[in-house]
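These notes are about the structure you will find just below.
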Amino acid sequence: MKYFDAGQSFLRTVKPALHQFDYRIHNANLLDQWLCNASHLYNVLRRVYFKKTIKLGREGIIASQDARFPITSLNTLQFRQYQLAVEMFADLAKNIGAKPILITQARLVHPENTEEQKKRIDYHHVGLSHDAILETFSHQDAIIKNVAQSKNIPVFDASHQLSGMDWAFYDHVHFLPAGSEAMAGFISSKLEEILIDSSP
């Protein structure tokens, strides 16, 4: 979603998270390696230090100099690219004999979000205004449903089921335990319907 404002192809915007030696997964030197093996406390403090230094969010790296203003206008070319990706997934699954299922994104983002809920939406990382996020999700839902119809494959509308539910989300898209349980129950019930319908 955070790339839907880009004026160029999505693939041209993707860059490695780190351009230098990654101290989160490699030791700096022999002393660092020895301390990691010898002390659990050192490991914990080391992780905290690098988490603050590298500034990793729940969806990836957030550069300290990143001060993007929320984008309000969207690039329609990116939605076409998203549609092609969904169509490709459906075709590839069918080509290997699998039965694809599409699922819309459940999210906290909703037209009736309260101010308290908006505080949990990571506008900085997504780089979109609230209205632009709503528009983006609306386009995504429509694309998923249209592809499912054109390819004659099932679609589970998790967005309709859970979006905007305050108790279900930690932030704009990530579930709290209750949300995970509700999502699992929804998916399992939809799969059960498919299995019953396909049984002889």
On a heavy-atom basis, which atom in Ser163 and which in Gln105 lie closest, and how many Å separate them? OG-O, 3.8 Å
Report yes or no: does Asn152 contribute a side-chain atom to a donor-acceptor pair with the main-chain N or O of Ala148 at less than 3.5 Å? no
Got a donor-acceptor contact below 3.5 angstrom from the Ser138 side chain to the Leu134 backbone? no
When every non-hydrogen atom of Val109 is compared with those of His130, the smallest separation belongs to CG1-CE1, 4.3 Å
Linking I/L/V/M/F/W/Y whenever their side-chain heavy atoms sit closer than 4.5 Å, directly or via other members, would Leu191 and Ile103 fall into one cluster? yes
Please walk me through it: do Trp167 and Leu176 pass side-chain contact (heavy atoms from CB on, under 4.5 Å)? CA-CA 7 Å; Trp167 52 267; Leu176 289 165; 5.9 Å; no
Short question: side chain of Asn146, backbone of Ile143 - any donor-acceptor pair under 3.5 Å? no
Answer yes or no: does atom CG of Asn95 have more than 12 heavy-atom neighbours from other residues, nucleotides or ligands under 6.0 Å? yes
Val155, Phe89: one ILVMFWY side-chain cluster at the under-4.5 Å cut-off? yes
A side-chain contact here means heavy atoms from C-beta on lying under 4.5 Å apart; do Tyr170 and Leu108 qualify? no
Would you tell me whether Asp171 and His174 have side-chain atoms, one donor and one acceptor, within less than 3.5 Å of each other? yes
All heavy atoms of Gly185 vs all of Ser188, minimum pair found to be O-OG, 2.9 Å
State, to 0.1 Å, how close Gly179 and Leu162 come at their nearest heavy-atom pair, and which atoms those are. O-CD1, 4.5 Å
Residues Asp166, Arg120: salt bridge by 4.0 Å N-O rule: yes
According to ring-ring contact (aromatic ring centres under 6.0 Å, His included), does anything in residues 175-200 pair up with another residue at least two apart or in another chain? List the pairs. Phe169-Phe175
Under 3.5 Å donor-acceptor, Ser39 side chain and Leu35 backbone: no
So which atom in Ala158 and which in Ala106 form the shortest heavy-atom distance, rounded to 0.1 Å? O-CB, 3.7 Å
Does CD in Glu193 sit with more than 12 non-hydrogen atoms of other residues, nucleotides or ligands closer than 6.0 Å? yes
For Asn27 and Asn29, indicate whether the former's side chain and the latter's backbone hold a donor-acceptor pair under 3.5 Å. no
Judged by atom type as modelled, is there a donor-acceptor pair below 3.5 Å linking the side chain of Gln117 to the main-chain atoms of Thr114? yes
Main-chain N/O of Lys151 paired to Lys94 side chain as donor or acceptor, under 3.5 Å: yes
Starting from the C-alpha separation in whole Å, work towards a yes-or-no answer on side-chain contact (heavy atoms from CB on, under 4.5 Å) for Tyr49 and Leu45. CA-CA 6 Å; Tyr49 171 76; Leu45 294 175; over 6 Å; no
Might you confirm whether atom CG of Leu31 has over 12 heavy atoms from other residues, nucleotides or ligands at distances under 6.0 Å? yes
Closer than 3.5 angstrom, by distance alone: can the side chain of Ser150 be matched with the main-chain N or O of Val147 as a donor-acceptor pair? yes
Roughly how far, to the nearest 0.5 Å, is CG of Leu128 from OG1 of Thr136? 5.0 Å
Measure the shortest side-chain to side-chain distance between Asp91 and Met88 over non-hydrogen atoms and say whether it is less than 4.5 angstrom. no
Interatomic distance, Phe156 atom CZ to Ile194 atom CD1 [nearest 0.5 angstrom]: 3.5 Å
Gap between atom NZ of Lys145 and atom CG of Leu102 - 0.5 Å precision: 12.0 Å
Thr104 side chain vs Ser159 backbone, donor-acceptor pair below 3.5 Å: yes
